Amino acid sequence: MDWIELGVGAFLGGVISILIDHFFISENTERKVEYEIESSPVITGKIPAEVAPAPSLRIQFGTERESEDVQVLTSSVIRIQNTGYTVIESTNISPDDPIRIYAKDDTKIYQTKILDTRGTANNFLVTPRYTKYIDIGFAFLNPMDGVKIQVFHSGKSGNALEIRGTIIGGPKIREKSHWKRYLKQVLIVPAIASMLLSLIVFFLFPWAIQN
């Protein structure tokens, strides 16, 4: 095998890595929404009423008239994104299965807010409903547009929350696969290495031989 064949092989390897990234990692599917959840505990157990002679700490949820002690508190950051290649408009969301964040079992949602958005003029709106679910609305989602939402809830982890919804012309909303989050970065490495090797073979070696 001469240097030209090696260079061609390295170049083809880089091209194949890019194609794999485009077709298998990005999954060129129309109108597709995926989400990720990252959680961290704030309170892991009920705070004793008399932990010391000094006044104890109490965290309560509710109104001034009706409130309850918060025994477990978790902060979950949810990223929801259009991972397809087609604009998603509000009319593309099924009215029978809208985009919602649900609290499973006995979990209660205490507070929620939008941390960040990717995309402008999307008009994201989050509306908590009865401590059990959160409606998520928007005007449209361009490809790769999305929103990052923080949710404080009584579950012990992000598994206490579930995101549901159906996109007309696409699949149900689903959690982004863990392997997909990192495989894209892994494939970039051999693609860049193959391209660099091709440059070395075609330019550096001939220059070194001539000099």
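Source: prediction; values computed, not measured.
Judged by distance alone, the side chains of Asn82 and Asn142 never bring a donor and an acceptor atom under 3.5 Å apart.
Under 4.0 Å is where a charged nitrogen must lie from a carboxylate oxygen, and between Glu34 and Arg79 no such pair does.
Residue pairs meeting the ring-ring contact (aromatic ring centres under 6.0 Å, His included) criterion with at least one member in residues 86-120, sequence neighbours excluded, are Phe61-Tyr110, Tyr102-Tyr133. A side chain to side chain donor-acceptor pair (under 3.5 Å) check over residues 151-160, counting only residues at least two apart or in different chains, returns the pairs Ser76-His153. Each salt bridge (Lys or Arg N to Asp or Glu O under 4.0 Å) pair with one or both residues in residues 105-121, not counting sequence neighbours, appears once here: Glu68-Lys108.
Residues satisfying the side chain to side chain donor-acceptor pair (under 3.5 Å) test with Lys148, not counting sequence neighbours, are none. Remark: Glu162 engages Arg164 in a side chain to side chain donor-acceptor pair (under 3.5 Å) (not counting sequence neighbours). Scanning for side chain to side chain donor-acceptor pair (under 3.5 Å) contacts around Arg129 gives Asp135, with sequence neighbours left out. Remark: Glu89 pairs with no residue by the salt bridge (charged side-chain N to carboxylate O under 4.0 Å, His left out) rule, at least two apart or across chains. With sequence neighbours left out, Ser67 forms a side-chain contact (heavy atoms from CB on, under 4.5 Å) with Gln60. Taking Lys172 as the reference, Asp97 meet the salt bridge (charged side-chain N to carboxylate O under 4.0 Å, His left out) condition, with sequence neighbours excluded. The side chain to side chain donor-acceptor pair (under 3.5 Å) check on Gln111 picks up nothing, with sequence neighbours excluded.
Leu115 and Ile109 fall into different hydrophobic clusters, where Ile, Leu, Val, Met, Phe, Trp and Tyr are joined by side-chain heavy atoms under 4.5 Å apart, directly or via other members. Under the 4.5 Å side-chain heavy-atom criterion for Ile, Leu, Val, Met, Phe, Trp and Tyr, Phe152 and Ile43 are members of the same hydrophobic cluster. At a threshold of 4.5 Å between side-chain heavy atoms, the hydrophobic network of Ile, Leu, Val, Met, Phe, Trp and Tyr places Ile168 and Ile88 in two separate groups. The hydrophobic cluster containing Ile78 also contains Val126, counting ILVMFWY residues as joined when their side-chain heavy atoms lie under 4.5 angstrom apart, directly or transitively. By the rule that hydrophobic residues join a cluster once side-chain heavy atoms approach within less than 4.5 Å of another member, Val77 and Val42 end up as members of separate clusters.
For the residue pair Arg31 and Pro171, the shortest heavy atom distance occurs at O-CD, 3.8 Å. Taking each heavy atom of Pro143 and Gly84 in turn, the nearest pair found is CB-O, 3.5 Å. Heavy atoms only, all atoms of each residue included: Lys32 and Arg174 are closest at CD-NH2, 3.9 Å.
Contact annotation: the side chain of Ser39 approaches that of Ile37 to within less than 4.5 Å [non-hydrogen atoms, C-beta and beyond]. Between Thr83 and Val33 there is no side-chain heavy-atom pair separated by less than 4.5 Å.
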* To do: Take Thr166 and Ile173 through the test side chain to side chain contact (heavy atoms under 4.5 Å, CB included) and record every step on the way to the result.
  => CA-CA 6 Å; Thr166 298; Ile173 293 175; over 6 Å; no
* Test side chain to side chain contact (heavy atoms under 4.5 Å, CB included) on Ile136 and Ile149 and set out the steps. => CA-CA 10 Å; Ile136 301 174; Ile149 303 169; 3.8 Å; yes
* **Worked verdict on Asn123 versus Phe138 for side chain to side chain contact (heavy atoms under 4.5 Å, CB included)** => CA-CA 5 Å; Asn123 296 327; Phe138 52 82; over 6 Å; no
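Here Arg100 contributes atom CZ and Ile134 contributes atom CD1; the two are 11.5 Å apart, rounded to the nearest 0.5 Å. Going from atom CD1 of Ile163 over to atom CD1 of Ile80 covers 5.5 Å, rounded to the nearest 0.5 Å.
The other members of the hydrophobic cluster of Val87, by chain and number, are Phe140 (side-chain heavy atoms under 4.5 Å, ILVMFWY only).
Side-chain atoms of Lys132 come within 3.5 Å of backbone N or O of Thr107 as a donor-acceptor pair.
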